[in-house]
Amino acid sequence: MFRWKATAALAVAAALVLTGCSGGGSGTEGSGSADRLTLTAIASPTSYDIGAGAEYGNRSPFFQAVFDTLLQKDSKGEIQPWLATKWEYNDANTVLTLTLKDGVKFTDGTTLDASAVVASLERFRDGTSPQAATLAGKEFAAVDATTVTITQSAPDPSLVNLLSIAPGLIEAPSSFGNADVATNPVGSGPYILDTASSVTGTTYNYTANPDYWNKDAVKYQNLTINVLEDPTATLNAIRAGEANGAKIADNNTISEVEGAGWTIESNELDFQGLLLLDRAGTMAPELADVKVRQAINMAFDRPALLQSLQSGYGTVTEQVFPATSAAYDEKLDSTYPYDPTAAKKLLAEAGYPNGFSINMMSVPAFQQTFDLVAQQLSDIGITVNYTDPGVGNLITDMLAPKYPATWMALEQNPDWQLINFMIAPDATFNPFHSQDPKVDAFISTIQNGSQDEADAAAKELNRYIVDQAWFAPFFRVQGTFATDANTNLEFWPTNAYPSIFDFSPKN
């Protein structure tokens, strides 16, 4: 039981002034289109140059507005043709051949052909964008004007999915050398950024691309995205009718948003919980014992944490694979019931009857979460010694690595991306390079086996890492987006921010 009730932890930022225009969005009866869609976002793009700052997640609408991806996801999260009309692997799954739509132009009038696609993919691969490493080792070739091949040394089950998000964004090579490439994007997307009326970091205004190849997909003649990092500023914009759609960063405001007459759409992409990183015990010897890691899992009252930190908006879980994954097994979510007494017994069996101390990091923005983690671990005899890594150092210090375990919120990616993000020996969030022969075998089958073999291995992998308590997830968080009475939205299940193509006016 908790000794006090926490409210949601929030990163507090100065409220940004809304500019651009009011929500608008009224369409002509039966037209299926409207003048303007005004949205709010919680983060602005760091750079429009795909080699430097291309991202999806909460920054996706900025890039999706001006660039096309090779493939596209529909509102169900399923891959559909886009710039690439067909795609096919060779028998070894090491060469992917893409057939491109003919006749597409970038907004500067240059041709989007196979050579341009290859140049763009190479720029992303060789750049510094957060997902640049996903294309590492891949070679791109233009077979002819409308055919591109992607060659890799081993199968990559995530590649087709990657081509529908940031790594698949296509930027005009003619813009690479422009002095303003970071702020004046040149793509083939549905909109053109109006740099004269936009304010970097605050307001982004776009006009419809008059030569867009897929005009039926564009439902608004103008698009405005206002960046509001403060949840209070977002709530005020909703109440004032200054937007048609808004990213809701604080689920505790949902009742107020609904009270303003707005509709809530949601998905669950991120899980929150502990990453038990030092599974070999090089920094914290106690974590090398599976009984200790299992005891930690049993220390947490997950339903109470979900209620206290997210007002119940989410789903309790004990696995890092999402419910949409072939690896997911609902039964695994009851592996570690909240049981401090049983947890203490496991610690005693591991040789720690009096508990132990462990170093972790905390940041003020999420202090209530960190306090609850420390409290629940204290109840089974584990003392947490927190250190504030300082502004901007949370991820850097985690991956250094400087701490054996940490609280974190991470996206539940598609299987192969998740494996290479959190589980594989060289995964980003496996900074101690933990390795296990059984895990390696499962990963090999997932990469090289048939679809049925890969799905079965994914299930076994998930079951094994839950049993071995590699992580201590608490819950999947509800990702929330709200729309006004004038706007329809189909919120895709695979990204934190909706696709701009899934908004439409109510006529």
>> Are more than 12 heavy atoms, taken from residues, nucleotides or ligands other than Q80, located less than 6.0 Å from that residue's CD atom?
In response: yes
> Is a side-chain donor-acceptor pair under 3.5 Å present for S198 with N205?
Replying inline: no
>> Quick one, F300 and V373 - any side-chain contact, counting heavy atoms below 4.5 Å?
In response: yes
> Is there a donor in the side chain of T40 and an acceptor in the side chain of N226, or the other way round, less than 3.5 Å apart?
Replying inline: no
> Using a distance-only test with no angle check, is there a side-chain donor-acceptor pair under 3.5 angstrom linking W213 and D68?
Replying inline: yes
> Taking atom CG of D379 and atom CG of D301, what is their separation to the nearest 0.5 Å?
Replying inline: 10.5 Å
>> Main chain of G168, side chain of T69: is a donor-acceptor contact present, judged purely on distance under 3.5 Å?
In response: no
> How close do N430 and M422 get, heavy atom to heavy atom, and via which atoms?
Replying inline: CB-O, 3.9 Å
>> Under a plain distance cut-off of 3.5 Å, with no hydrogens placed, do N251 and T480 share a side-chain donor-acceptor pair?
In response: yes
>> How close do P81 and L71 get, counting heavy atoms only, and between which atoms?
In response: CA-CD2, 4.4 Å
> With side chains defined as the heavy atoms from C-beta onward, is the minimum distance between Q131 and F124 less than 4.5 Å?
Replying inline: yes
>> When you compare the side chains of K73 and N161, does any donor N or O come within less than 3.5 Å of an acceptor on the partner?
In response: yes
> Looking only at heavy atoms, what is the nearest atom pair of P61 and I225, with distance?
Replying inline: CB-CD1, 3.8 Å
> Would one find more than 12 heavy atoms of other residues, nucleotides or ligands at under 6.0 Å from atom CD of Q221?
Replying inline: no
>> Using every non-hydrogen atom in the two residues, find where F67 and L169 come nearest and quote the distance to one decimal.
In response: CB-CD2, 3.8 Å
> Taking the side chain as C-beta and beyond, is there a heavy-atom pair between Q310 and Q272 under 4.5 Å?
Replying inline: yes
> Any donor-acceptor pair under 3.5 Å linking the side chain of D278 with the backbone of F432?
Replying inline: no
> Are D156 and W416 linked by a side-chain donor-acceptor pair shorter than 3.5 Å?
Replying inline: yes
> When the ring centroid of Y56 is compared with that of F63, is the distance short of 6.0 Å?
Replying inline: no
>> With a 6.0 Å cut-off on the ring centroids, do F503 and Y220 count as close?
In response: no
> Can you tell which of D415, V466, L332 makes a side-chain contact (heavy atoms from CB on, under 4.5 Å) with F321?
Replying inline: D415
>> When you compare the side chains of S197 and D194, does any donor N or O come within less than 3.5 Å of an acceptor on the partner?
In response: yes
> So which heavy atom on T369 is nearest to which on W407, and how close?
Replying inline: CG2-NE1, 3.5 Å
> Just wondering, more than 12 heavy atoms not from K459 lying within 6.0 Å of its NZ?
Replying inline: yes
>> Tell me whether the NZ or CZ atom of R36 lies within the 45° cone about the ring axis of Y206 and under 6.0 Å from its centre.
In response: no
> Any side-chain donor-acceptor pair under 3.5 Å between T483 and E265?
Replying inline: no
> Looking only at side chains, do N297 and R302 share a donor and an acceptor under 3.5 Å apart?
Replying inline: yes
> Are F475 and L309 side-chain neighbours, meaning at least one heavy-atom pair lies under 4.5 Å?
Replying inline: yes
>> Name the residue from T315, I264, D270 that meets the side-chain contact (heavy atoms from CB on, under 4.5 Å) definition with Q478.
In response: I264
> Heavy atoms, side chains only, cut-off 4.5 Å: are S266 and Y313 in contact?
Replying inline: no
> Any side-chain heavy atom of R279 sitting closer than 4.5 Å to one from F471?
Replying inline: yes
> Looking only at heavy atoms, what is the nearest atom pair of A458 and A327, with distance?
Replying inline: O-CB, 3.3 Å
>> A side-chain contact here means heavy atoms from C-beta on lying under 4.5 Å apart; do P185 and F62 qualify?
In response: no
> Are F501 and Q64 side-chain neighbours, meaning at least one heavy-atom pair lies under 4.5 Å?
Replying inline: yes
>> Can you confirm whether or not the ring centre of F421 sits under 6.0 Å from the ring centre of F429?
In response: yes
> Quick one: does D502's side chain have a donor or acceptor within less than 3.5 Å of a partner on P498's backbone?
Replying inline: no
